[in-house]
Amino acid sequence: MVYANNTVDPNAPFYVSECAELLSDKVGGVVLGCSDQWFAECVNLIKHSAPVWDADKYVDTGKWMDGWETKRHNPDHDWCILKLGIPGVIYGFEIDTAYFTGNYPPHASIEALCDDSDPKFDKLKESKDWQVILNKSDLGSSCKKYYECKSDKRFTHLKFRIYPDGGVARLRVYGKVIKDWTLVIPGELVDLAAIENGGLVTEVSDHFYGNKNNIIMPGRSVNMGDGWETKRRRGPGNDWLTVKLAKEGIVKRIEVDTNWFKGNFPTSCSIDALHSSCAPDETHLQEYEWTNILPNTPLCGHRRHFFQNELVNNDKPYTHIRLNIFPDGGVSRLRINCLLPDSNNSDNNNSSNSFKTSTREQ
């Protein structure tokens with residue numbers, strides 16, 4: 001029997017739901033190398049998907065495990081070096097030992113450094129610039145454990161150590177994306193909803209079938225599970241999702257992609273916008289007056305929909321976008337392509353999401 005450990009932890013700390021996941025393969029994370037991966041490859045550690053258990057699957061080296069597992073009897077410890085898919089300020093870690101029961105490591109620690117020169121594994125392995133951001137901490141049997149990171153620095157790479165050996169299913173790294181806005185060419189359209197630029201889904205009416213942040217992930221969806229899908233609505237109303245843009249922008253083009261949603265796509269959608277200056281309490285955004293920028297428009301299944309001439313009231317900057325779907329269904333990706341206002345182009349370094357900032361927001 002095969003099944004996945006994909007239950008949502010109601011006791012997870014704030015950063016699991018309110019911050020971007022900076023390491024997973026979905027956002028471009030990479031395993032650069034490790035000390036050992038005898039039983040299970042280290043690349044499994046950064047999979048976006050939930051760990052899977054297959055009781056009957058064995059391979060040449062032993063029991064197949066969906067994680068990173070090293071040989072027994074290490075006299076010291078094992079380690080791996082990872083490149084973050086999205087550099088940023090780290091708020092916390094989730095170390096998941098799902099299905100590792102008699103073979104999990106009792107302890108783990110994490111070090112980090114910042115190097116934008118794209119250093120190779122051999123250089124990183126010998127680097128003296130690593131700094132501890134998670135002291136040696138206890139792990140548990142087949143469970144998720146959370147650890148806060150207290151550093152305000154921007155990081156690009158991690159060294160994950162396990163003591164002395166064993167298996168870990170997933171390592172999740174949550175934090176705030178720090179983008180270098182000075183690299184944006186004046187007049188260039190930027191997808192300010194994209195997670196790699198600092199966009200984040202903050203509120204949602206329902207996400208029964210898919211993680212809400214799937215909708216702002218890079219690339220097109222790989223299947224129906226790689227999108228945002230709500231349960232079937234049996235009463236009045238409609239479903240909706242709110243995105244906090246990476247920074248304020250003037251919306252010029254929108255893409256709504258229903259890829260893989262063929263019999264369960266919304267019949268139509270509309271899009272509203274808001275500027276945070278008109279909504280001082282971001283915890284109650286739905287109580288403020290939103291401006292419609294895309295009137296209710298029919299959608300088709302398994303198709304990319306582009307809206308440009310259809311946009312209205314889009315001559316001023318906004319900080320938040322609300323996608324309304326009618327009445328329910330699934331959308332795989334949402335792209336909000338914007339111009340940066342002239343004031344921001346000339347003062348990028350003062351942005352709260354600029355490359356040099358280290359301010360933490362909770």
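In what follows, every heavy atom counts, from backbone to side chain, and hydrogens, waters and symmetry copies are set aside.
- Among all heavy-atom pairs drawn from Cys278 and Tyr288, the shortest one is O-CD2, 3.4 Å.
- Side-chain atoms of His77 and Asp165 form no donor-acceptor pair, as typed in the model, at a separation below 3.5 Å.
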Before giving the answer on salt bridge (Lys or Arg N to Asp or Glu O under 4.0 Å), spell out for Asp96 and Arg172 the whole-Å C-alpha distance, their side-chain angles and the decisive distance to 0.1 Å. CA-CA 8 Å; Asp96 187 356; Arg172 310 288 191 195; over 6 Å; no

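- No side-chain N or O of Asp257 forms a donor-acceptor pair with one of His305 less than 3.5 Å apart.
- Between Ala169 and Pro51, the shortest heavy-atom contact is CB-CG, 3.8 Å.
- Electrostatic pairing of Glu282 and Lys244 counts as a salt bridge here, judged by a charged N lying under 4.0 Å from a carboxylate O.
- Taking CD1 from Ile162 and OG from Ser35, the interatomic distance works out to 7.0 Å, rounded to the nearest 0.5 Å.
- By the criterion of side-chain heavy atoms lying less than 4.5 angstrom apart, applied directly or through intervening Ile, Leu, Val, Met, Phe, Trp or Tyr residues, Leu200 is not grouped with Leu245; the two fall into different hydrophobic clusters.
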For side-chain contact (heavy atoms from CB on, under 4.5 Å), just list the numbers for Ile216 and Val201, CA-CA rounded to whole Å, side-chain angles, deciding distance to a tenth of an Å, and then say yes or no. CA-CA 8 Å; Ile216 58 173; Val201 176; 4.1 Å; yes

Would Asp138 and His107 satisfy side chain to side chain donor-acceptor pair (under 3.5 Å), going step by step from the backbone distance to the final call? CA-CA 5 Å; Asp138 294 340; His107 310 285; 3.0 Å; yes

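- For the residue pair Asn337 and Lys252, no side-chain donor N or O sits within less than 3.5 Å of a side-chain acceptor on the partner.
- Checking Asn264 against Tyr209 by side-chain atom types alone, no donor-acceptor pair falls below 3.5 Å.
- No chain of hydrophobic side-chain contacts below 4.5 Å, direct or via other Ile, Leu, Val, Met, Phe, Trp or Tyr residues, connects Phe326 to Ile321.
- A continuous path of Ile, Leu, Val, Met, Phe, Trp and Tyr side chains, each step under 4.5 Å between heavy atoms, connects Leu294 with Leu241, placing both in one hydrophobic cluster.
- The pair Asp76-Arg161 does not meet the salt-bridge criterion, since no charged nitrogen lies less than 4.0 angstrom from a carboxylate oxygen.
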Test Asp328 against Thr230 for side chain to side chain donor-acceptor pair (under 3.5 Å), laying out the working first. CA-CA 6 Å; Asp328 53 41; Thr230 69; 5.1 Å; no

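- A salt bridge links Asp66 to Arg170: one of the charged nitrogens lies within less than 4.0 Å of a carboxylate oxygen.
- To the nearest 0.5 Å, the span separating CG on Leu82 from CG on Leu22 amounts to 12.5 Å.
- Atom OG of residue Ser276 and atom OH of residue Tyr318 lie 13.0 Å apart, to the nearest 0.5 angstrom.
- Comment: Arg253 does not engage Glu255 in a salt bridge, judged by the lack of any side-chain N to carboxylate O separation of less than 4.0 angstrom.
- Taking each heavy atom of Phe265 and Gly301 in turn, the nearest pair found is CD2-CA, 3.3 Å.
- Atom CZ of Phe208 is surrounded by 12 or fewer heavy atoms from other residues, nucleotides or ligands within 6.0 Å.
- Checked by atom type, the side-chain pair Gln286/Thr242 shows a donor-acceptor distance below 3.5 Å.
- Side-chain contact annotation: Thr156 with Asp115, donor-acceptor N/O pair under 3.5 Å absent.
- With respect to the salt-bridge test (charged N to carboxylate O, under 4.0 angstrom), the residues Asp206 and Lys231 qualify.
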Candidate pair Asn324 and Ser270, rule side chain to side chain donor-acceptor pair (under 3.5 Å), full reasoning: CA-CA 5 Å; Asn324 309 297; Ser270 68; 3.1 Å; yes

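- Hydrophobic clustering (side-chain heavy atoms under 4.5 Å, transitive across Ile, Leu, Val, Met, Phe, Trp, Tyr) groups Leu134 together with Leu84.
- Around the CD atom of Glu310, the shell of radius 6.0 Å holds more than 12 heavy atoms that belong to other residues, nucleotides or ligands.
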Derivation of the salt bridge (Lys or Arg N to Asp or Glu O under 4.0 Å) call for Asp129 and Lys123: CA-CA 11 Å; Asp129 296 329; Lys123 178 183 176 181; over 6 Å; no

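- Summarising the local packing, CZ of Arg304 is surrounded by more than 12 heavy atoms from other residues, nucleotides or ligands at distances under 6.0 Å.
- Checking Asn292 against Asp272 by side-chain atom types alone, a donor-acceptor pair falls below 3.5 Å.
- Scanning both residues, Leu334 and Asp191, for their nearest heavy atoms gives O-OD2, 4.5 Å.
- Counting heavy-atom neighbours within 6.0 Å of Arg72 CZ, excluding the residue itself, gives a total of 12 or less.
- Asn314 and Val251 make their closest contact through ND2-O, 2.9 Å (heavy atoms, listed as atom of the first residue, atom of the second, distance).
- Between Asn296 and Ser268, the shortest heavy-atom contact is OD1-OG, 2.8 Å.
- Cluster annotation: Phe39 is not connected to Tyr99 through the hydrophobic network of ILVMFWY side chains, with a link wherever side-chain heavy atoms come within less than 4.5 Å.
- Under the 3.5 Å distance criterion, the side-chain polar atoms of Thr297 are matched with a main-chain donor or acceptor of Pro295.
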